Amino acid sequence: MTPAGLIGVGVLQALLLLVAAPLFSGFARVLRAKIQNRKGPPVLQNFLDLAKLMKRQEVVSEQAGWVFHAAPYVLMSTMLLVALLLPVLAVQSPLGAAGDLILLIYLFALPRFFLSLAGLDSGSPFGGIGSRRELFISALVEPVLLLVVFVMALLAGSTNLGTISGKVAAGALPPSMAFWLGLAAFAFASFIEMGKLPFDLAEAEQELQEGPLAEYSGRSLAILKWGLYLRQLVLAALFLALFLPFGSMRVLSPAGALLAIAAFLLKAVVFYFIAAVLENAMARIRFMKSPATIWLALGAAVLSFVFYLAHV
């Protein structure tokens with residue numbers, strides 16, 4: 001694949017994820033409502049909400065500084081960059097060597113850092129509580145992601161996303177307990193990062209995911225919400241690129257691009273469906289008890305590394 005063609009694929013997939021993100025979040029809300037025997041909102045409700053917020057006036061706290069104003073754009077631009085780096089439609093990363101797993105983990109951490117500072121910068125007690133909770137969950141989940149990423153890099157012999165995705169798609173990585181435990185740990189960590197029960201409820205405005213957003217309004221709130229929808233879909237895309245990259249293009253072509261888009265959308269629908277079923281099978285727990293559950297994911301990640309060392 002030529003560099004120019006890969007960059008074109010990257011732009012295409014970034015636009016696809018950007019447009020599809022509110023749709024998949026709406027799909028998850030509809031699934032939750034159906035499972036709970038409620039009517040629920042329409043699938044396109046998120047687009048309607050975003051359009052309404054874009055037209056509203058912004059009201060900014062007097063204590064807000066530059067971090068508060070910059071956070072929405074940092075979140076959206078960072079997630080678009082991650083969407084550009086991932087091997088979603090092709091088995092190679094569109095930006096080549098820049099598609100590094102370690103870089104991606106820190107790109108996910110950057111908007112969380114800004115959102116947490118923005119919650120504190122607003123001067124709102126709700127924003128401050130949400131920021132502290134966000135950082136607490138980050139300290140628990142990021143070690144799981146980093147450990148699984150390290151194991152996958154060892155298995156593939158590279159930290160480049162395109163190399164790992166290509167080897168998994170070609171079956172070059174032999175089935176092992178290290179791979180399957182890493183898959184389970186990464187899926188569980190992604191489930192937490194997406195703001196699902198029992199750790200969070202994205203529609204509850206003062207909970208983990210939405211707490212730092214307490215003082216936002218108007219266009220800034222619309223950009224933040226869209227960025228959070230995009231982060232959820234990008235996390236799902238990262239999981240699929242690492243562990244289930246089947247259907248991605250090996251040779252650039254219009255027919256291959258259409259098939260790759262259809263394959264990704266189908267896999268994403270299945271991912272969101274399973275997440276919705278799991279979410280609605282759980283009850284909410286007290287926030288301070290959440291680490292006891294996250295230890296399961298960390299244990300699976302540690303076992304994955306142990307099994308790699310034991311060549312099992």
Side-chain angles (χ1 to χ4, degrees), residues 78-79 81-82 85-88 93 97-113 116 133-169 172-196 198-200 208-209 231-245 271 274-275 278 285 287-312:
T78 305
M79 289 301 102
L81 177 59
V82 174
L85 290 173
L86 293 178
V88 175
S93 174
D100 188 85
L101 273 175
I102 307 300
L103 172 64
L104 284 183
I105 296 300
Y106 285 101
L107 284 176
F108 277 114
L110 179 64
R112 172 181 281 114
F113 174 73
S116 301
R133 289 181 169 185
E134 181 82 10
L135 290 174
F136 179 69
I137 287 292
S138 171
L140 295 172
V141 173
E142 286 184 4
V144 177
L145 296 176
L146 283 171
L147 187 53
V148 174
V149 161
F150 182 60
V151 172
M152 291 300 295
L154 289 173
L155 288 171
S158 172
T159 59
N160 185 269
L161 269 170
T163 301
I164 298 173
S165 181
K167 288 189 175 182
V168 174
L173 296 184
S176 64
M177 287 300 297
F179 177 85
W180 294 113
L181 283 171
L183 183 151
F186 201 94
F188 192 63
S190 300
F191 182 81
I192 299 169
E193 285 274 42
M194 290 173 70
K196 302 297 184 181
F199 309 96
D200 191 13
L208 295 178
Q209 193 183 56
R231 185 170 75 173
Q232 293 178 2
L233 186 56
V234 163
L235 276 166
L238 176 58
F239 172 78
L240 296 173
L242 280 177
F243 297 100
L244 301 169
F271 184 92
I274 294 174
L278 291 176
I285 59 176
F287 175 72
M288 297 308 296
K289 291 185 178 181
S290 58
T293 309
I294 296 175
W295 280 114
L296 295 173
L298 182 59
V302 171
L303 280 176
S304 174
F305 181 60
V306 170
F307 280 126
Y308 168 77
L309 294 178
H311 302 287
V312 176

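Small disclaimer: the values here were computed from a predicted structure and weren't measured.
Partners of T159 according to the side-chain hydrogen bond (donor to acceptor under 3.5 Å, both in side chains) rule, which considers only residues two or more places apart in sequence or in another chain, are D100.
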I would like to know whether L242 and L161 meet side-chain contact (heavy atoms from CB on, under 4.5 Å); could you show each step before the answer?
CA-CA 7 Å; L242 280 177; L161 269 170; 3.7 Å; yes
Give the intermediate values and the outcome of side-chain contact (heavy atoms from CB on, under 4.5 Å) for residues F179 and V151.
CA-CA 8 Å; F179 177 85; V151 172; over 6 Å; no
Check the pair L309, F305 against side-chain contact (heavy atoms from CB on, under 4.5 Å), reporting the backbone distance first and the verdict last.
CA-CA 6 Å; L309 294 178; F305 181 60; 3.6 Å; yes
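Closest heavy-atom contact between V168 and P245: CG1-CD, 3.5 Å. Heavy-atom minimum distance, V144 versus A189: CG1-CB, 4.0 Å. The nearest pair of heavy atoms linking M79 to P111 is CE-CG, 3.9 Å. In plain terms, the two heavy atoms of L107 and T78 that are nearest each other are O-CG2, 3.0 Å. When all heavy atoms are compared, the tightest approach of A301 to A185 is N-CB, 3.7 Å.
Once rounded to the nearest 0.5 Å, the distance linking OG of S304 with CG of L155 reads 7.0 Å. With values rounded to the nearest 0.5 angstrom, L145 atom CG is found 6.0 Å from S190 atom OG. The CZ atom of F150 sits 10.5 Å away from the CG atom of L146 when rounded to the nearest 0.5 Å.
Looking at L238 and F108, their side chains come closer than 4.5 Å, going by heavy atoms from C-beta outward.
Partner of V82 under the side-chain contact (heavy atoms from CB on, under 4.5 Å) criterion, chosen from L110, L104, L103, L235: L104. Of the residues listed (Y308, F243, F186), the one engaging M152 in a side-chain contact (heavy atoms from CB on, under 4.5 Å) is F243, and it is the only one.
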